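Quick notes on the structure that follows.
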Amino acid sequence: PRGERPAPLARPSAKVIDVAPLIVGIELEEDVRAPGDVSAELAGFLAGVGASCAFRIGRVRVPAGAGDVPVCGKVVVENSGEAPRPETAALTLVSGDAWGLEHLHLGPVRPGEQAEI
């Protein structure tokens, strides 16, 4: 009907359910205190990109001259929003060195479902 406003779109939302210790090469040292919510630490950055929270899945120390070294992380994320995550959903680097992982396709997840990344 004329004069009615369309319903607002559901905002995407996700939350970290679990994070595994990093798997790292012997040259590296993992900072085991690093994983967790870093929203307060990155508040200014989050405001600038339109996000509300940030979660650090890990941090390693790389010795000078180490060259390419393997690091593998695993995190379980739940779609905590009201809308399904679309087929086109992806993680994309917005700041810093990507170390070869600038973009990662995620795919669809329905509200309440979890996915391992």
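Note that the coordinates shown come from a computational prediction; the quantities given were computed from them, not determined experimentally.
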Please report the C-alpha distance between F55 and V19 in whole Å, then the side-chain angles of each, then the deciding distance to 0.1 Å, and finally whether the side-chain contact (heavy atoms from CB on, under 4.5 Å) criterion is met. CA-CA 10 Å; F55 189 93; V19 61; 4.1 Å; yes

With side-chain contact (heavy atoms from CB on, under 4.5 Å) as the criterion, how do V69 and V24 come out once you've worked through the C-alpha distance, each side chain's angles and the decisive distance to 0.1 Å? CA-CA 8 Å; V69 290; V24 300; over 6 Å; no

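In terms of heavy-atom proximity, G81 sits nearest to P111 at O-CB, 3.4 Å. Between R59 and L22, the shortest heavy-atom contact is N-CD1, 3.8 Å. Residues V71 and V60 share a closest heavy-atom pair of CG2-CG2, 4.3 Å. Nearest heavy-atom pair across A90 and H103 is CB-CE1, 3.4 Å. In plain terms, the two heavy atoms of E27 and P70 that are nearest each other are OE1-CD, 4.5 Å. The shortest heavy-atom contact between Q114 and V109 is N-CG1, 4.4 Å.
Contact annotation: the side chain of H105 approaches that of E87 to within less than 4.5 Å [non-hydrogen atoms, C-beta and beyond]. Put simply, the side chain of R110 does not reach to within 4.5 Å of the side chain of N79, judged on heavy atoms.
Once rounded to the nearest 0.5 Å, the distance linking CZ of R56 with OG of S39 reads 10.5 Å.
The residue from V76, V75, D37 that alone fulfils the side-chain contact (heavy atoms from CB on, under 4.5 Å) condition with V16 is V75.
Around CD1 of I23, the count of heavy atoms belonging to other residues, nucleotides or ligands within 6.0 Å does not exceed 12. Around the CD atom of E82, the shell of radius 6.0 Å holds no more than 12 heavy atoms that belong to other residues, nucleotides or ligands.
Note on I117: it clusters hydrophobically with I57, by side-chain heavy-atom contacts below 4.5 Å among ILVMFWY residues.
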